[in-house]
Amino acid sequence: FQAPVIDFLGLSEKVLVFPYETDFSFVALIPQKEMALRAFTLCMRVATELPEERQIILFAYRTADYDELNVWREKDGRVSFYLSGDGVFFRLPPLSTFRTSLCLTWESRSGLAAFWADGRRSTYQVYKPGHSVRPKGTVLLGQDPDKHLGGLEATQSFVGEMTDVNMWDFVLSRSMIQAWHYGHKVPKGNIFDWASLEYELSGNVLVVDDD
């Protein structure tokens, strides 16, 4: 079953609602520049009613052979990310029905990685220094493709609301991440900018006003 894919532009003041568990509903994001990354900041606001012991994919970027960058909430409630291989895990305040603003920063030179929850930084962990994220892949919200655009599993799908997904190819400063958290103006994401985002909807995903 393949729903018709429609290409859209811009989600300013909109929220994506994934109403129930599926193995076919997702949003594909088209990056504004090649995702050959040696550093990044990825931010989003998420809310979910899914129970803590349920794995949830929050962001998936896959090239033909690798999960280049996947962000998860794990079955033990930790939040993690994976750069084509073993992941790194962080204990954050639990995701809930109330919106959490979540950012992830990583840079290759030092390997320093951290999550930011509602403007507060986790402890740094050193993860994959020297690694590069490869370009020419597919970015999905809502599903984890186990192969290039395929192998979707309902039990990993995202259910809930997601908005304000932005990505930069550098590490934002603490003051910028906190400004973003509070809704102040920050430099536009040069990979993904929610207000001018090019995206494709598949399956059952609603785009609603962020009231």
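Along the sequence shown, residues carry numbers from 1. Just so you know, these numbers use all the heavy atoms, side chains as well, and skip hydrogens, waters and symmetry mates.
Heavy-atom contacts from other residues, nucleotides or ligands closer than 6.0 Å to CZ of F90 number more than 12. E13 CD: 12 or fewer foreign heavy atoms inside a 6.0 Å radius.
With no hydrogens or angles considered, no side-chain donor-acceptor pair links S173 and Q178 at under 3.5 Å. Using modelled atom types, one finds a donor on one side chain and an acceptor on the other under 3.5 Å when comparing E74 with S80. Residues E68 and T63 bring a donor and an acceptor atom of their side chains to less than 3.5 Å of each other.
Note on ring orientation: taking the six-membered ring where Trp is involved, the planes of F81 and Y127 are perpendicular (angle over 60°, cut-offs 30° and 60°).
Between L58 atom CG and L95 atom CG the span is 6.0 Å, to the nearest 0.5 Å.
Using a 4.0 Å cut-off between a side-chain N of Lys or Arg and a carboxylate O of Asp or Glu, K14 and D210 do not qualify as a salt bridge. By the 4.0 Å N-to-carboxylate-O rule, R134 lies too far from E34 to be salt-bridged with it.
Considering only residues two or more places apart in sequence or on other chains, F59 meets the ring pair (Phe, Tyr, Trp, His ring centres under 6.0 Å) condition with none of them.
Under the 6.0 Å distance and 45° angle rule, R121 counts as a cation-pi partner of Y124. Geometrically, R45 does not engage W194 in a cation-pi contact defined by less than 6.0 Å to the ring centre and at most 45° from the axis.
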